[in-house]
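First up is the structure itself, then whatever we jot down about it.
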Number of protein chains: 2
Amino acid sequence: MQRPFSDVLDRLRGKGLRPTRQRLALAKLLLERGDIHVTAEELHGMATKEGIRVSLATVYNTLHQFTDAGLLREIVVEPGCSYFDTNVSDHHHFFYEDSARLADIVGADVSIARLPEPPAGMHVQRVDVVIRLSANRKG
Amino acid sequence: MQRPFSDVLDRLRGKGLRPTRQRLALAKLLLERGDIHVTAEELHGMATKEGIRVSLATVYNTLHQFTDAGLLREIVVEPGCSYFDTNVSDHHHFFYEDSARLADIVGADVSIARLPEPPAGMHVQRVDVVIRLSANRKG
DNA sequence: GTGATTGCAAATCTTTTGCACTAAA
DNA sequence: TTTAGTGCAAAAGATTTGCAATCAC
């Protein structure tokens, strides 16, 4: 599952994104560690922790460039904060309301039996399913 | 479907919300005109247009009080802006990405065939399905 | 070199909050 | 009266943008 460094570089190049120091470092953080969901703030924190110097503005810009390039998927489940998902395949999410965490649902575990016809002149861009979870009351 | 004024008043009272001039006016705007989806800014605009003087801060507070009381449902589909839905029954949404509009999907038109088991100690609070639509390319 | 990218700080946008004032019960 | 609710302006977050400095090619 782990891809070699040169692959990240190629993936950026393949999308027409110049592989700058910052983009490479962020791409490695994001794409070489399985499926994760991060906010811009969190990714900035991860970078800082690893000694990568990058501004928060660049993190935001980079996340959106990666999203536009199809390397990430943006998910909004709560007001005031976007998550970015490194899993860009067709899948849905659990959202833990108590901890504000997202988790992927294995594709086959949710299936939509019937989809309504999209209105005339429209086509379906994407279907998002979010299952919101709370902790059971103790006792 | 249209309920009389006194009913709005009773609904507020029933929820323990003191029926102030502002709350009554906003409740009438929201609850006496079928199913709608509004942002705080839009509702404030609607109120202003009808000559109802109410501050944007009060609109925000009121929307959240109504949501907590179960009179509205909050929906987030894009970063930086919440919608409030007057339809609080179980249903899902179309989201028109081009115009940033929401529309209800009739309940029976979407059905989820299989739901994954919620993780241990968790229960499902709500399932949100958003079908994102774009206009077809002309030509 | 040259144009794309970055960093910073300032700007923007949505939403929340503190607090004196007003109104409902 | 007494307490909840309102308005305003200021604060708080998340995100974006302008622009000079820097980097990839």
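Each chain gets a letter, A, B and so on, in the order its sequence line appears, and its residues count up from 1.
- For the pair His44(A) NE2 and dT15(D) P, the interatomic distance rounds to 14 Å; values are reported in whole Å.
- The CG atom of Leu43(A) sits 15 Å away from the C1' atom of dA14(D) (whole-angstrom rounding).
- Whole-Å rounding puts the Glu78(A) CD to dA14(D) C1' distance at 13 Å.
- For residues 86-98 of chain A, every residue pair satisfying the salt bridge (charged side-chain N to carboxylate O under 4.0 Å, His left out) rule, not counting sequence neighbours, is listed here: Glu97(A)-Arg132(A).
- Looking at residues two or more places apart in sequence or on another chain, you find no ring-ring contact (aromatic ring centres under 6.0 Å, His included) involving Phe95(B).
- Annotation: salt bridge (charged side-chain N to carboxylate O under 4.0 Å, His left out) contacts involving residues 45-71 of chain A, sequence neighbours excluded, comprise Arg33(A)-Glu50(A).
- Between Leu12(B) and Phe66(B), the closest side-chain pair of non-hydrogen atoms falls below 4.5 Å.
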Contact pattern, 5' to 3', of nucleotides 4-19 of chain C - B, S or - by protein heavy atom under 4.0 Å: SSSBBB----SBBB--

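- If one axis is set at each end of the helix from dG1(C)-dC25(D) to dA25(C)-dT1(D) from five pairs, those axes are 30° apart, to 10°.
- Under the ring-ring contact (aromatic ring centres under 6.0 Å, His included) criterion, Tyr60(A) pairs with no residue at all, not counting sequence neighbours.
- Qualifying ring-ring contact (aromatic ring centres under 6.0 Å, His included) partners for His93(B), counting only residues two or more places apart in sequence or in other chains: His37(B), His91(B).
- Here the P atom of nucleotide dG5(D) and the CZ atom of Phe66(B) are 11 Å apart, to the nearest Å.
- For Gln65(A), the side-chain hydrogen bond (donor to acceptor under 3.5 Å, both in side chains) partners at least two apart in sequence or on another chain are Arg23(A).
- Residues satisfying the ring-ring contact (aromatic ring centres under 6.0 Å, His included) test with His123(B), not counting sequence neighbours, are none.
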